[in-house]
Undergrad: 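I am attaching a structure below and will ask some questions about it afterwards.
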Amino acid sequence: MIFGDVSCVRSCLLEFLGPRMAMRYRVFAVFLSTFLLMPTRASAAPHATPAEISPAPPVIVVGFLGGFVKHNNLVHSEVQLAERLRQEYPEGVQVETFESYRGAKARQRILELLDTDHDGTLSADEKQSARIILYGHSWGASETLDLARKLKKDGIHVLLTVQVDSVNKVGQNDEVIPANVAQAANFYQRNGMLHGEPAIRPADPAHTRIVGNFQFDYRASRYSCNAYPWFDRVLMKQHTQIECDPKVWAQVESLIRSNIVLADPKGSSTNVENSGGLPSSLSVNK
């Protein structure tokens with residue numbers, strides 16, 4: 001080598017370049033060394049991949065049975081309706097039935113389903129994404145509104161409540177629909193020892209639409225609920241008939257289907273039946 005060491009190379013190069021070029025060399029050298037020696041900056045937090053984004057919660061449909069009937073008793077129309085919905089919507093819709101005295105359990109189940117990130121608490125977004133439909137018969141109808149009120153305290157909205165021959169439970173109010181419910185429908189009959197609430201009304205008409213109070217009359221109808229226990233047939237004939245009347249439950253089902261809104265992968269929502277509201281098939285037997 002011509003030059004013995006690196007310092008000699010640098011000094012000779014600076015002398016050869018002259019004062020002005022030497023200054024530029026020094027500035028460039030400082031910049032280059034700073035850039036090369038600078039520690040790697042921590043990368044920004046990566047964007048969540050589609051797999052990491054919490055999925056939208058399912059449409060939640062909860063049905064309450066009347067009296068002390070078990071939640072899985074297929075003799076009863078509430079359970080039969082739930083089974084049909086499960087078969088029709090194997091994905092995107094969670095359908096559950098509960099006894100009339102299991103409102104707290106139903107509320108807990110709803111909160112679990114809405115907690116899509118499984119952190120034990122509901123964020124504002126998780127509450128906002130709730131799509132809940134509640135229905136019930138007799139005491140179960142009363143429990144439907146009681147659960148809706150508890151969800152109101154939780155800051156959660158309900159798409160629809162449906163009451164069938166609602167019988168008010170002690171300490172509850174099956175007449176006034178809480179303001180967190182978007183739509184409510186009531187099916188009832190007025191004969192026999194047990195009969196339903198004839199007129200539901202909204203706590204706040206600006207937030208809740210009453211689809212209707214629909215009366216049925218079974219005084220001249222032949223009793224057809226042969227699978228029910230004898231005491232239902234004897235003591236609660238008309239109250240039982242509206243529960244097993246396929247015309248009533250076809251209309252209940254139509255209302256529920258018209259309010260099932262499924263979220264697509266892009267985040268928008270689609271009604272699987274129509275735009276909601278009163279189904280064209282809804283009719284009343286007076």
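Residue numbers count from 1 along this sequence.
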Undergrad: Just checking, is any N or O donor in the side chain of Glu197 or Asn186 under 3.5 Å from an acceptor N or O on the other one?
TA: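 No.
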Undergrad: Does the side chain of Ile256 reach to within under 4.5 Å of the side chain of Leu85, using non-hydrogen atoms?
TA: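 Ile256 reaches Leu85 side chain to side chain.
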Undergrad: To the nearest 0.5 Å, what is the distance between CZ (Arg149) and OG1 (Thr144)?
TA: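 One gets 11.0 Å once the value is rounded to the nearest 0.5 Å.
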Undergrad: Between Tyr218 and Lys237, is any pair of side-chain heavy atoms under 4.5 Å apart?
TA: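 Counting from C-beta outward, Tyr218 and Lys237 never come under 4.5 Å.
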Undergrad: Any chance you could pull the hydrophobic cluster mates of Tyr223, using side-chain heavy atoms under 4.5 angstrom and chaining through other members?
TA: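 Result for Tyr223 is Val75, Tyr228.
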Undergrad: Does a side-chain N-to-carboxylate-O contact under 4.0 Å join Arg107 and Asp154?
TA: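 Yes, charged N to carboxylate O under 4.0 Å.
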Undergrad: In Å, rounded to the nearest 0.5 Å, how long is the span from NE2 of His157 to OG of Ser129?
TA: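 Answer for the NE2-OG pair, His157 versus Ser129, is 11.5 Å.
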Undergrad: Quick check on the hydrophobic clustering: are Val167 and Val176 connected, directly or via other members, by side-chain heavy-atom contacts under 4.5 Å?
TA: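 No, Val167 does not connect to Val176 through the hydrophobic network.
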Undergrad: For the residue pair His137 and His239, is the inter-centroid distance of their aromatic rings smaller than 6.0 Å?
TA: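 They qualify: ring centres under 6.0 Å apart.
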Undergrad: Side-chain donor-acceptor pair under 3.5 Å between Asp115 and His118, yes or no?
TA: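 Judged by distance alone, the side chains do not pair up.
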Undergrad: Any side-chain donor paired with an acceptor under 3.5 Å for Ser166 and Asp174?
TA: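 Ser166 vs Asp174: donor-acceptor pair found between side chains.
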Undergrad: Mind checking the CD-CZ spacing from Gln215 to Arg190? Nearest 0.5 Å is all I need.
TA: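 Gln215 atom CD to Arg190 atom CZ measures 8.0 Å (nearest 0.5 Å).
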Undergrad: Cluster question for you: counting only ILVMFWY and a side-chain heavy-atom cut-off of under 4.5 Å, with indirect links fine, are Val211 and Val164 together?
TA: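 Yes; Val164 is reachable from Val211 via cluster members.
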Undergrad: With a 4.5 Å cut-off on side-chain heavy atoms, are Trp249 and Phe187 touching?
TA: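 Of all side-chain heavy-atom pairs linking Trp249 with Phe187, none is under 4.5 Å.
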Undergrad: How long is the straight-line distance from CD of Gln238 back to CZ of Phe216, given to the nearest 0.5 Å?
TA: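 Phe216 atom CZ to Gln238 atom CD measures 14.5 Å (nearest 0.5 Å).
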Undergrad: With a 4.5 Å limit on heavy-atom distance, are the side chains of Leu65 and Thr97 in contact?
TA: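 A side-chain contact under 4.5 Å exists here.
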Undergrad: Quick one: pull up CD in Gln163 and CG in Asn213 and give me the separation to the nearest 0.5 Å.
TA: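 Taking CD in Gln163 and CG in Asn213, the distance rounds to 8.5 Å.
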Undergrad: Would you say the side chain of Asn168 lies within less than 4.5 Å of the side chain of Ser142, judging by non-hydrogen atoms?
TA: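 Yes, close enough: below the 4.5 Å cut-off.
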Undergrad: Hey, is Arg84 close enough to Glu88 for a salt bridge, meaning N to O under 4.0 Å?
TA: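 Looking at Arg84 and Glu88, the cut-off is not met.
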Undergrad: Does any non-hydrogen side-chain atom of Leu151 lie less than 4.5 Å from one of Ile110?
TA: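 Sidechains of Leu151 and Ile110: in contact.
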Undergrad: Quick test of your reading of the model: are Lys150 and Asp146 salt-bridged, counting only N-O distances below 4.0 Å?
TA: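 Here Lys150 pairs with Asp146 in a salt bridge, since their nearest N and O are under 4.0 Å apart.
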Undergrad: The criterion is ring pair (Phe, Tyr, Trp, His ring centres under 6.0 Å); which residues satisfy it with Phe68, sequence neighbours excluded?
TA: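 Expected list: Trp139.
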Undergrad: Drop me the distance from Leu194's CG to Ser138's OG, to the nearest 0.5 angstrom.
TA: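 If I round to the nearest 0.5 Å, the distance is 6.0 Å.
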Undergrad: Within the structure provided, determine whether Gln94 and Val59 are in side-chain contact (heavy-atom separation under 4.5 Å).
TA: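 The answer is no; the side chains never approach within 4.5 Å.
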Undergrad: So, do Glu99 and Phe64 sit near enough that their side-chain heavy atoms are less than 4.5 Å apart?
TA: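 No. Closest side-chain heavy atoms not under 4.5 Å.
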Undergrad: Do we see a donor-acceptor contact under 3.5 Å between the side chains of His195 and Gln189?
TA: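 Gln189 and His195 do not have a side-chain donor-acceptor pair below 3.5 Å.
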Undergrad: Please check: side-chain N/O of Glu126 versus main-chain N/O of Ser123, any donor-acceptor pairing under 3.5 Å?
TA: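 Side chain of Glu126 to backbone of Ser123: a pair is present.
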Undergrad: Please say yes or no: joined through hydrophobic side-chain contacts below 4.5 Å, possibly via intermediate residues, are Ile132 and Ile210 part of one cluster?
TA: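 In one cluster: yes.
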